[in-house]
2 protein chains.
Amino acid sequence: MPPDVDSRTAILDAAERLFAERGYAATTIKQIGTAAGVNSALLYYYFADKERLYHDVLQRLLGTLMAEGERVFAAARSREEAIRGLVRVQGELMVSKPHVPRLIARELVDHKAAHVSGLMAQLAAGVFKRLCEMIREGQDSGELRDDLDPQFAAVSTIAQVVYFHIARPAVGILLGHGTDGPPEAVARAYTVHAADFAIAALSAQPARAPRKRRKP
Amino acid sequence: MPPDVDSRTAILDAAERLFAERGYAATTIKQIGTAAGVNSALLYYYFADKERLYHDVLQRLLGTLMAEGERVFAAARSREEAIRGLVRVQGELMVSKPHVPRLIARELVDHKAAHVSGLMAQLAAGVFKRLCEMIREGQDSGELRDDLDPQFAAVSTIAQVVYFHIARPAVGILLGHGTDGPPEAVARAYTVHAADFAIAALSAQPARAPRKRRKP
DNA sequence: GTCTATAGGTGGATAGAC
DNA sequence: GTCTATCCACCTATAGAC
């Protein structure tokens, strides 16, 4: 860790990386202390216990991601721009910090998102809700096909990118890049594809008689 | 565990559930023994060590999933039927055995799919490859839009369903069902939606001049 | 604020009786 | 095949010097 950062930040940085790489249970206080360049007992000076440290790591990371999503969405001047912006923000974060998708996946399966339920509720009432409304408006005005559920469509859009990065080793094998996963350039190209795929699904008109809109 | 199953199977069943719920590191040999109704030392009679037991759990589960995927794909008589069949097989497994998506997610992040690399390679050379070829044929014949990369489109199709189940607690909050995740009926409806979404994305013709096909 | 030392508890794995 | 008993290693968290 650089010497010009304070111990608290060094601990948070080291913990973020180690929790993502090894998981909460498999990461020890001593490992975090060593990686942060401080004595392991010092962690208990800054954080109540191991779980509280983990909680703070998540809040710091996902709080900034959400804020960026809000910003991009608010600045968008069209449906397509909004969708592309949201997909790009997610994709960029996960390409530039490859440990992030693993940290997210671990929180989902290890703790059922319990440490980020506040942020998720905020997302549900904020960007996600507005994205759904945006899709429904497009359907009502006839610009988007109306046989897809807006909420499900929003989930599908997000799902593509997050899954690609969580499953990166498996996707690497499928696409012929080996177990280290696809190189960065492919990951970036996939992000663009994901937006294309979602927009294609939404904007297409049904070929024949439109089906009734599904209720979730 | 029922008394009519042998100890080896009881151990595998208990281990599958516990590894999925708590993770590899957080699951103890003693917990598995207790859940299986046998003494924990007996695990070392049937399995070399904890990791080998974990490996065998994965092979048993994903081997059968892959075989079912092969079967459904081979029996399909149209592009749409093949895509719907693959999505349905995945969705059904994850709805009926909710611990499975978590086990898969854990293997991806904890071990980078190392214990299933053989199965993934088999998938890459089998169903996945044929799915990609099928999409490309549809693009060449003009039935599918040709501005999407076939491999990326295949990943997007799969990604929707798997992510929904891995992220079930988060999706539950987003869709207003709480942290326990969406009820079974919603999960089943989403599976149908995912196939609709993929087919809509693939079958739509570009509204204006088609873009050049992207290279991954 | 940062360290040393350690208490108190649990885990994977083995030896060996039956 | 299944069990009891146990070894040794390691972890979280605290006490207390500096």
Side-chain angles (χ1 to χ4, degrees), chain A residues 1-60 102-103 106-107 109-111 114-115, chain B residues 1-60 99 102-103 106-107 109-112 114-115:
Chain A
M1 294 299 116
D4 59 334
V5 296
D6 57 300
S7 295
R8 191 190 146 88
T9 305
I11 291 167
L12 281 170
D13 289 343
E16 179 179 310
R17 214 192 66 239
L18 287 171
F19 282 144
E21 285 176 5
R22 310 179 185 191
Y24 178 79
T27 300
T28 72
I29 295 290
K30 288 190 173 77
Q31 287 166 354
I32 297 172
T34 302
V38 301
N39 189 280
S40 62
L42 188 60
L43 273 68
Y44 291 94
Y45 176 77
Y46 287 108
F47 304 94
D49 54 21
K50 188 185 172 185
E51 187 173 358
R52 181 69 210 204
L53 166 60
Y54 173 70
H55 184 268
D56 288 358
V57 163
L58 285 179
Q59 294 298 313
R60 185 181 68 153
R102 296 168 75 186
L103 188 65
R106 289 185 190 285
E107 169 59 14
V109 295
D110 282 337
H111 308 104
H115 298 88
Chain B
M1 295 298 114
D4 59 335
V5 295
D6 56 298
S7 294
R8 191 189 146 89
T9 304
I11 291 168
L12 281 169
D13 290 343
E16 178 178 309
R17 212 191 68 238
L18 287 171
F19 282 145
E21 285 177 4
R22 310 179 185 193
Y24 177 80
T27 300
T28 72
I29 295 290
K30 290 187 172 79
Q31 287 166 354
I32 297 172
T34 302
V38 302
N39 189 282
S40 62
L42 189 60
L43 274 67
Y44 290 94
Y45 177 77
Y46 287 108
F47 305 94
D49 54 20
K50 187 185 174 185
E51 187 173 357
R52 180 70 211 203
L53 165 60
Y54 173 70
H55 184 270
D56 289 0
V57 164
L58 285 179
Q59 294 298 314
R60 185 181 69 152
H99 68 273
R102 295 168 73 184
L103 189 64
R106 289 185 189 283
E107 169 59 14
V109 295
D110 282 337
H111 307 103
K112 301 188 181 177
H115 298 88

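Heavy atoms only: backbone and side chains are in, while hydrogens, waters and symmetry mates are out. Quick note on labels: first sequence line is chain A, next is B, and so on, each numbered from 1. Being a predicted model, the structure only gives us computed values, none of them experimental.
With sequence neighbours excluded, no residue satisfies side chain to side chain donor-acceptor pair (under 3.5 Å) with A/R102. Evaluation of the side chain to side chain donor-acceptor pair (under 3.5 Å) rule for B/H115 yields B/E51, B/E107 as partners, not counting sequence neighbours.
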Check: In B/S/- notation, 5' to 3', how is nucleotides 7-13 of chain D contacted by protein heavy atoms closer than 4.0 Å?
Finding: ----SBB
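Each side chain to side chain donor-acceptor pair (under 3.5 Å) pair with one or both residues in residues 18-37 of chain B, not counting sequence neighbours, appears once here: B/R22-B/Q31.
Checking side-chain atoms of B/R17 against main-chain N and O of B/H99 turns up no donor-acceptor pair under 3.5 Å.
Using a 4.0 Å cut-off between a side-chain N of Lys or Arg and a carboxylate O of Asp or Glu, B/R60 and B/D13 qualify as a salt bridge.
Along DNA chain C, read 5' to 3', the first and last nucleotides having any atom under 4.0 Å from a heavy atom of chain B are C/dG11 to C/dT14.
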Under 3.5 Å, side-chain donor or acceptor atoms of residues 40-48 of chain A against the rest of the protein: list the pairs with distances, not counting sequence neighbours.
none

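One distance of note links OG1 of B/T9 with CG of B/D6; it measures 3.5 Å at 0.5 Å rounding.
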